[in-house]
Amino acid sequence: MSLVLLFFYIVLGIASTRLFTRVILSTSYKFQQIPTPEHYPPISIIVPAYNEEVTIQKCVNTLLQLDYPQYEIIIVDDGSTDHTLDLVQSFTD
């Protein structure tokens, strides 16, 4: 009987320690400083395009509406045979 009681106390101790650790870590995470937009790193968005005449304008317009402070859009036209390159060049930004 004492072996079962010892096992119960060991499991209870492990569970209590785990709960205490999770409470401490979640509380410290809550007070962690949230980065502001000026601390976001600049990113590059690479869009591969091959014969995307139908969808490339909508794609670029959607990417231009992103709510991210610093980004660049790189469109890689891999020898399209349609007017994809002409449509992409119409964007000046």
**Student:** Can you give the donor-acceptor pairs under 3.5 Å from side chains of residues 10-25 to other protein atoms, not counting sequence neighbours?
**Tutor:**
| unit_1 | atom_1 | unit_2 | atom_2 | d |
| --- | --- | --- | --- | --- |
| Ser16 | OG | Leu12 | O | 2.8 |
| Thr17 | OG1 | Gly13 | O | 2.8 |
| Thr21 | OG1 | Thr17 | O | 2.8 |

**Student:** Before giving the answer on side chain to side chain contact (heavy atoms under 4.5 Å, CB included), spell out for Ile46 and Ile75 the whole-Å C-alpha distance, their side-chain angles and the decisive distance to 0.1 Å.
**Tutor:** CA-CA 6 Å; Ile46 301 173; Ile75 300 173; over 6 Å; no
**Student:** Nearest 0.5 angstrom please: Ile56 CD1 to Cys59 SG, how far?
**Tutor:** 5.0 Å
**Student:** Which heavy-atom pair separates Glu52 from Asp82 by the least distance, and what is that distance?
**Tutor:** N-OD2, 3.6 Å
**Student:** Does the side chain of Gln70 reach to within under 4.5 Å of the side chain of Ile43, using non-hydrogen atoms?
**Tutor:** no
**Student:** Check step by step if side chain to side chain contact (heavy atoms under 4.5 Å, CB included) holds for Leu87 and Glu53.
**Tutor:** CA-CA 7 Å; Leu87 294 173; Glu53 180 180 11; 3.7 Å; yes
**Student:** How many angstroms lie between CG in Leu63 and CD in Glu72, if you round to the nearest 0.5 Å?
**Tutor:** 12.5 Å
**Student:** Identify, with sequence neighbours excluded, every residue that meets ring pair (Phe, Tyr, Trp, His ring centres under 6.0 Å) alongside Tyr40.
**Tutor:** Tyr68
**Student:** Once rounded to the nearest 0.5 Å, what's the spacing between atom OG1 of Thr84 and atom CG of Asp77?
**Tutor:** 5.5 Å
**Student:** Pair Ile73, Tyr71 - check side chain to side chain contact (heavy atoms under 4.5 Å, CB included), show working.
**Tutor:** CA-CA 7 Å; Ile73 301 170; Tyr71 66 94; 3.9 Å; yes
**Student:** I'd like to know whether Ile74 forms a side chain to side chain contact (heavy atoms under 4.5 Å, CB included) with Val47, so could you lay out the CA-CA distance, the side-chain angles of the two residues, the decisive distance to 0.1 Å, and finally the verdict.
**Tutor:** CA-CA 6 Å; Ile74 301 171; Val47 180; over 6 Å; no
**Student:** Please find the pair of heavy atoms, one from Ala49 and one from Ser80, that lie closest to each other, and give the distance.
**Tutor:** O-OG, 3.7 Å
